[in-house]
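Report on one structure; see the data block that follows.
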Amino acid sequence: MSAGFDVPEVDAFTRPYWEAAAQGRLLVRRCGGCGRAHHYPREFCPYCWSEDVEWERASGLATLYTWSVVHRNDLPPFGERVPYVAAVVDLAEGPRMMTEVVECEEGALRIGMELEVAFRAGVPVFRRRSPRAPLDRLSVPSS
C-alpha cells in the first residue's frame, strides 16, 4: 500500500481485508452468533458483541445512501482528485460503508442508485452498476 491519508495503516487483524482488496475482492465480517454482517472490520460483532465473527466475501453490490462533493482537500492524495464524491453506501449484505463514488457525473447521482465495487490502488470505491461487468474484474486506474 502506498502511504497517504486515504489508506489506513495495515495491522495483523486488517491484513486479510487489505490483501483481498489488492486482489479486487471486498470483504465484510459476518457474525456466527446473530448472523449479521458488519463493516468496518472489528474483532467482535457490534450488534450482539459475539467474538464469533469471520471474514466473508461481499457481493460488491451497493446502493447510494448519501454523498457530498468535495471541492477542496489539502491532504495528499485528495488534492489531486478534487472535485470528488465522498459517499456512504448500503452494501447488499447490510452494512453501510464510507467510500468514494467514481466515474459518475455529480448531476447523475441519486439516492438509491445501484452501485458496484471497483478498486483504485487496492482501495474499494464504487461506481454506477453495469449489468454486464463481471464483479471479479472491476478496477479503477490509479490517480
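Small disclaimer: the values here were computed from a predicted structure and weren't measured. For the single chain, residues carry numbers from 1 onward in sequence order. Values reported hereafter were calculated over all heavy atoms of this structure, with side chains retained and with hydrogens, waters and symmetry mates removed.
- Counting heavy atoms from C-beta on, the side chains of V102 and R127 come closer than 4.5 Å.
- A distance of 15.0 Å separates OG1 of T63 from CZ of R110, quoted to the nearest 0.5 Å.
- Residues L115 and T99 have side chains not in contact (no heavy-atom distance under 4.5 Å, counting atoms from C-beta outward).
- The two atoms that bring N73 and L75 nearest to each other are OD1-N, 2.9 Å, heavy atoms only.
- Between M113 and C104, some side-chain heavy-atom pair lies under the 4.5 Å cut-off.
- No side-chain donor-acceptor contact under 3.5 Å links R25 to the backbone of A22.
- Using a 4.5 Å cut-off between side-chain heavy atoms of Ile, Leu, Val, Met, Phe, Trp and Tyr, with links allowed through other members, V88 and W67 fall into different hydrophobic clusters.
- Here the closest non-hydrogen pair linking A21 and G122 is CB-O, 3.3 Å.
- Clustering ILVMFWY residues whenever any of their side-chain heavy atoms sit less than 4.5 angstrom apart, transitively, puts W49 in a cluster other than the one holding F13.
- Here T14 contributes atom OG1 and E19 contributes atom CD; the two are 9.5 Å apart, rounded to the nearest 0.5 Å.
- For the pair F126/V117, a side-chain contact is recorded, criterion being any heavy-atom separation below 4.5 Å from C-beta on.
- Residues M97 and V10 share a hydrophobic cluster, clusters being chains of Ile/Leu/Val/Met/Phe/Trp/Tyr side chains in contact below 4.5 Å.
- Atoms CD and SG, on E51 and C45 in that order, are 11.0 Å from each other to the nearest 0.5 Å.
- Atom CZ of R128 sits about 10.5 Å away from atom CG of L64, to the nearest 0.5 Å.
- Linking Ile, Leu, Val, Met, Phe, Trp and Tyr whenever their side-chain heavy atoms come within less than 4.5 Å puts I111 and L91 in one cluster.
- A 4.5 Å side-chain heavy-atom check between W55 and R29 finds at least one atom pair inside the cut-off.
- With hydrogens and angles disregarded, a donor-acceptor distance shorter than 3.5 Å links the side chain of E93 to the backbone of S59.
- To the nearest 0.5 Å, atoms OH (Y65) and CE (M98) are separated by 12.5 Å.
- Under a 3.5 Å cut-off, the side chain of R30 and the backbone N or O of V28 do not form any donor-acceptor pair.
- Taking the six-membered ring for Trp and thresholds of 30 and 60 degrees, Y17 and H39 have ring planes inclined between 30 and 60 degrees apart.
- Side-chain contact between V53 and H38 is present, with at least one heavy-atom pair separated by less than 4.5 Å.
- At a threshold of 4.5 Å between non-hydrogen side-chain atoms, the residues R57 and L27 count as touching.
- The neighbour count for E56 CD, taken as heavy atoms of other residues, nucleotides or ligands under 6.0 Å away, is above 12.
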